[in-house]
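No experiment lies behind these values; they were computed from the predicted model shown.
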Amino acid sequence: MTTEIQTSIFDSTPDTQLYEYKLSLDKVQAELLQYGLTSNQSKVFIYLGKYGAKTAPEVCKALKLPRTETYHLLSALQNKGIVSATFQHPIQFTASPLNKAIWILVNAEKERVKSLEHMEKGLSELWNNIPTFDSLHDEVEEKFQMLQGANQIQSKITEMTDNFKDEFLILGSEKDYIKLYHGEFLESFVKSKQQFRLLSACSDKTTYIFDNLERKNIKKLDKDIQNHLCFILKDDSELLFFTKNANSTTEPFAMWTNSKSLVYSMKLLFESLWTNSKNIHL
């Protein structure tokens, strides 16, 4: 009876008693993807974490995975430090507790980022040693870049804020500003000497987001403005326009450009909305 439960939960259907657990399992599996595990790696980790120590053949049979792939998956999870193996025969594999596994994965990623940062100096020196062969395009060309996912977009926003000189303009929905707030993005404006203006669709419940900012720099959008509109303007020279913002059910999608016509058009829109918006009450 126990074996049947263990091998059927991953394939349970709505008419079975295990289905409610499978829904939670699917959510956990989706979240683990964000920590760098593949779909099958997360599946093996969950199986070991919920059903205890298992041999490779048991994992293979329960999850209906090819034998060779099962050994590769177990090896990969051991290399990540979140699955361990015993010395007994046959070898049994166990998963670390979830909170410890997350800690291990996060710290491994931090160390990887530190390593990349340390490599930057040497890489830049190598790059600068190579001469530039095309010197015919001194004029800045208009470009665009498509960005998908929170990490790519956050990286671009950070790049824009790190070197803006004149003014930074943001228009966004309540959910957009909540994400910016929890990402500590708005902190960069607290002591900033550069100019910034924020147009917000936030309700009274979320005005705490702007507690540490100059009130004169913040206005509230009219409630009739649709909540999927979000864009960022830097120095009248760069635009980050969200085609799918925080209100979307899928991951965010944005376009960055330095097109003068697009930047100018969105600046006109911002100024028009700014003129017709009221000061936010904090």
Quiz item: Do Phe144 and Val263 belong to the same hydrophobic cluster, where Ile, Leu, Val, Met, Phe, Trp and Tyr are linked whenever their side-chain heavy atoms lie under 4.5 Å apart, directly or via other members?
Solution: yes

Quiz item: Going from OG on Ser200 to NZ on Lys219, what distance comes out if it is rounded to the nearest 0.5 angstrom?
Solution: 13.5 Å

Exercise. Of all the heavy-atom pairs spanning Ser173 and Ala201, show the shortest one and how long it is.
Key: CA-CB, 3.9 Å

Exercise. Verify, without hydrogens or angle tests, whether Asn217 (side chain) and Leu213 (backbone) share a donor-acceptor contact under 3.5 angstrom.
Key: no

Quiz item: Hey, is CG on Leu123 packed in by over 12 heavy atoms from elsewhere, all under 6.0 Å?
Solution: yes

Practice problem: For salt bridge (charged side-chain N to carboxylate O under 4.0 Å, His left out), just list the numbers for Glu111 and Lys114, CA-CA rounded to whole Å, side-chain angles, deciding distance to a tenth of an Å, and then say yes or no. | Solution: CA-CA 5 Å; Glu111 290 301 318; Lys114 285 182 183 179; 3.8 Å; yes

Self-check item: Pairwise side-chain hydrogen bond (donor to acceptor under 3.5 Å, both in side chains) hits with a residue in residues 71-81, at least two apart
Solution: none

Quiz item: Does Tyr264 belong to the same Ile/Leu/Val/Met/Phe/Trp/Tyr cluster as Leu240, with side-chain heavy atoms less than 4.5 Å apart forming each link?
Solution: no

Quiz item: Does Ser265 reach the main-chain N or O of Ser261 with its side chain, forming a donor-acceptor pair under 3.5 Å?
Solution: yes

Quiz item: Measuring from Ser237:OG to Glu167:CD, what's the distance to the nearest 0.5 Å?
Solution: 11.5 Å

Quiz prompt | Side-chain donor/acceptor of Thr257 to backbone N/O of Lys143, under 3.5 Å | solution = yes

Practice problem: Examine distances only and state if a side-chain atom of Gln41 and a backbone atom of Thr38 form a donor-acceptor pair shorter than 3.5 Å. | Solution: yes

Quiz item: Does one side chain, of Ser39 or Gln29, offer a donor that lies under 3.5 Å from an acceptor on the other?
Solution: yes

Quiz item: Using 4.0 Å as the upper bound for N to carboxylate O, is an ion pair formed by Glu109 and Arg112?
Solution: yes

Self-check item: Check: Cys202 main-chain N/O paired with Thr206 side-chain donor or acceptor under 3.5 Å
Solution: no

Practice problem: Answer yes or no: is there a donor N or O on one side and an acceptor on the other, between the side chain of Asn258 and the main chain of Glu238, under 3.5 Å? | Solution: no

Self-check item: Leu199 CG to Ile170 CD1 distance, which is reported to the nearest 0.5 Å
Solution: 10.0 Å

Quiz item: What distance do Gln195 atom CD and Leu169 atom CG have between them, rounded to the nearest 0.5 Å?
Solution: 10.0 Å

Quiz item: Honestly curious: do Ile91 and Tyr47 fall in one hydrophobic cluster under the side-chain, below-4.5 Å linking rule?
Solution: yes

Quiz prompt | Reference residue Lys156; test side chain to side chain contact (heavy atoms under 4.5 Å, CB included); the match among Gln154, Glu159, Gln152 | solution = Glu159

Practice problem: Identify the heavy atoms of Thr86 and Gln88 that sit nearest to each other, and give their distance. | Solution: OG1-CG, 3.1 Å

Self-check item: is_close_aromatic(Tyr208, Tyr181), centroid dist under 6.0 Å
Solution: yes

Self-check item: Candidate pair Phe45 and Leu73, rule side chain to side chain contact (heavy atoms under 4.5 Å, CB included), full reasoning
Solution: CA-CA 9 Å; Phe45 176 80; Leu73 291 169; over 6 Å; no

Exercise. Tell me whether Leu269 is reachable from Phe241 by hopping between hydrophobic residues (I, L, V, M, F, W, Y) whose side-chain heavy atoms are closer than 4.5 Å.
Key: yes

Practice problem: Drop me the distance from Leu63's CG to Thr70's OG1, to the nearest 0.5 angstrom. | Solution: 7.5 Å

Quiz item: Once you round to the nearest 0.5 Å, how far does OG1 of Thr207 lie from CD of Glu174?
Solution: 9.5 Å

Quiz item: Are any side-chain N or O atoms of Gln148 and backbone N or O atoms of Glu251, one a donor and one an acceptor, separated by less than 3.5 Å?
Solution: no

Quiz item: Cut-off 3.5 Å, side chains only: do Glu120 and Ser124 have a donor facing an acceptor?
Solution: yes

Exercise. May I ask you to check whether over 12 heavy atoms, not counting those of Phe253, lie within 6.0 Å of atom CZ?
Key: yes

Quiz prompt | Test log, rule side chain to side chain contact (heavy atoms under 4.5 Å, CB included), inputs Asn99 and Trp103 | solution = CA-CA 6 Å; Asn99 59 344; Trp103 184 88; over 6 Å; no

Quiz prompt | Residues Asp26, Lys43: salt bridge by 4.0 Å N-O rule | solution = no

